[in-house]
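Proteins get letters first, then strands, A, B, ... in listed order; numbering begins at 1 in each.
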There are 2 protein chains.
Amino acid sequence: MTLKTQTKSELITELKAKGLRLTPQRERVLDIFYDLPNGEHISAEHVYTTLKQEKVDISLATSYRTLKLLASHGVLREVDFGEDTKQYELIRDEDEPHHHLICVDCHETKEFESSVIYAEAQRLCAAMGAELVDVQVKLYARCKK
Amino acid sequence: MTLKTQTKSELITELKAKGLRLTPQRERVLDIFYDLPNGEHISAEHVYTTLKQEKVDISLATSYRTLKLLASHGVLREVDFGEDTKQYELIRDEDEPHHHLICVDCHETKEFESSVIYAEAQRLCAAMGAELVDVQVKLYARCKK
DNA sequence: CTAGTTGCAAAGAGTTTGCAAGTTG
DNA sequence: CAACTTGCAAACTCTTTGCAACTAG
């Protein structure tokens with residue numbers, strides 16, 4: 001189910017091979033994620049309003065459907081920050097997931113990686129007799145503002 | 001805002017000192033969390049139906065309000081697993097939060113601790129110029145079934 | 001007493017879905 | 001052209017809220 005990340009055109013080829021169609025809406029949605037800084041996450045609503053601004057024909061329903069579809073094919077990852085909306089980000093590297101620092105005051109988020117955490121996750125997982133699929137770490141903290 | 005965990009009666013004293021009233025509903029909600037195995041998490045709906053079964057008079061609205069209230073006072077922690085409902089768990093030890101292993105197949109969850117991760121979280125947080133408040137780690141994995 | 005709390009039902013927010021019309025391969 | 005996809009609006013689910021009645025301290 002999960003795909004390794006690749007260029008946009010490789011991805012499209014692979015999705016087509018699965019029987020999915022490349023509609024203008026889907027292509028624009030992919031563009032948005034490829035243009036996003038590494039690790040940044042957005043909501044269906046955000047995708048919708050961004051594309052609307054760019055005069056792309058898309059409905060909110062399609063935005064929701066597309067994100068869900070891409071997530072189920074391993075292109076996007078659904079991440080949760082206890083906000084009221086689901087967030088999605090492009091999966092760029094299956095092997096070392098990045099994590100999030102979330103300010104409890106201003107709600108700003110920042111991405112980071114840590115091979116220490118990843119190694120520990122592997123170890124713990126093995127110790128509990130399970131096979132690691134993904135690690136998500138959230139550091140709730142207070143930034144200096 | 002945050003309280004150190006303690007016995008139920010100490011907690012009640014402290015909440016009263018903040019001007020909160022101890023209603024039968026709130027006391028029963030606290031009971032539920034104190035009876036829960038360490039680290040287990042439940043939803044407002046679950047609290048409501050559990051108490052209803054025990055013939056306690058409570059409404060779903062009060063269940064939601066109480067959980068939110070207790071969370072805002074540092075008694076409960078809101079945790080998210082990308083399910084459709086918010087989950088809450090009793091905060092038992094502020095210094096070393098426990099984490100969750102979630103099976104991507106059967107959705108069963110398992111709690112664990114790791115001082116390695118905690119230490120790394122502290123270090124990373126300091127490096128990014130923020131003050132650590134809470135760490136939440138989720139290992140998505142496949143259990144052996 | 002009186003400020004805090006409850007229950008109810010209605011309102012909200014986010015997300016999903018049925019269906020007819022439109023497109024992709 | 002057949003299967004897939006879209007847009008729209010209605011439906012749904014989870015959660016919050018206004019308000020009048022009630023109650024803990």
Shortest non-hydrogen contact from B:Asn38 toward B:Glu111 = O-OE1, 4.1 Å

When rounded to whole Å, the OH to C1' distance for the pair B:Tyr48 and D:dC14 reads 15 Å

Does A:Ser63 reach the main-chain N or O of A:Ala44 with its side chain, forming a donor-acceptor pair under 3.5 Å?
-> yes

Nearest heavy-atom pair of A:Ala141 and A:Leu101: which atoms, and what distance?
-> CB-CD1, 3.7 Å

Calculate the interatomic distance between B:Leu69 atom CG and D:dT17 atom C1'; express it in whole Å.
-> 16 Å

If you look at every heavy atom in B:Glu40 and B:Glu89, which pair is closest and at what distance?
-> O-CB, 3.4 Å

Between D:dT5 (C1') and A:Lys18 (NZ): distance, integer Å = 18 Å

D:dA24 C1' sits how many Å from B:Leu20 CG, rounded?
-> 12 Å

Between A:Ser115 and A:Glu113, does any side-chain donor sit less than 3.5 Å from a side-chain acceptor?
-> no

Per nearest nucleotide of DNA chain D, the residue lying toward the 5' end, B:Leu60 or B:Leu22, is B:Leu60

Please tell me which of B:Gly19 and B:Lys52 maps to the more 5' nucleotide of DNA chain C, matching each residue to the nucleotide holding its nearest heavy atom.
-> B:Gly19

Are A:Asp134 and B:Lys138 within salt-bridge range, i.e. N to O under 4.0 Å?
-> no

From the candidates D:dG7, D:dC19, D:dC14, the one with an atom nearest any side-chain atom of B:Arg65 is D:dC19

Is any side-chain N or O of A:Gln25 closer than 4.0 Å to OP1 or OP2 of D:dG7?
-> yes

Specify the separation, in whole Å, of atom CZ of A:Arg28 and atom C1' of D:dG7.
-> 19 Å

To the nearest 10°, let me know how far the axis at one end of the helix from C:dC1-D:dG25 to C:dG25-D:dC1 is tilted from the axis at the other, five pairs an end.
-> 40°

Quick one: is A:Thr23 getting a side-chain N or O under 4.0 Å of the D:dT6 phosphate, OP1 or OP2?
-> yes

By nearest nucleotide on DNA chain D, pick out whichever of B:Lys16 and B:Lys68 is the more 5' one.
-> B:Lys68

Please give, in whole Å, the distance from D:dT5 P to A:Glu27 CD?
-> 15 Å

Outermost contacting nts on DNA chain C, any atom under 4.0 Å from chain A heavy atoms, listed 5' then 3', are C:dG14 to C:dG25

What integer distance in Å separates A:Leu15:CG from D:dT5:P?
-> 11 Å

Distance in angstrom units between B:Glu45 CD and D:dT15 P, rounded = 8 Å

Distance-only side-chain donor-acceptor flag, A:Glu45 / A:Thr85, under 3.5 Å = no

Side-chain touch B:Ile12/B:Leu30, heavy atoms, less than 4.5 angstrom = yes

Of the options B:Ile32, B:Ile58, B:Asp35, which is the one that meets B:Thr50 in a side chain to side chain contact (heavy atoms under 4.5 Å, CB included)?
-> B:Ile32

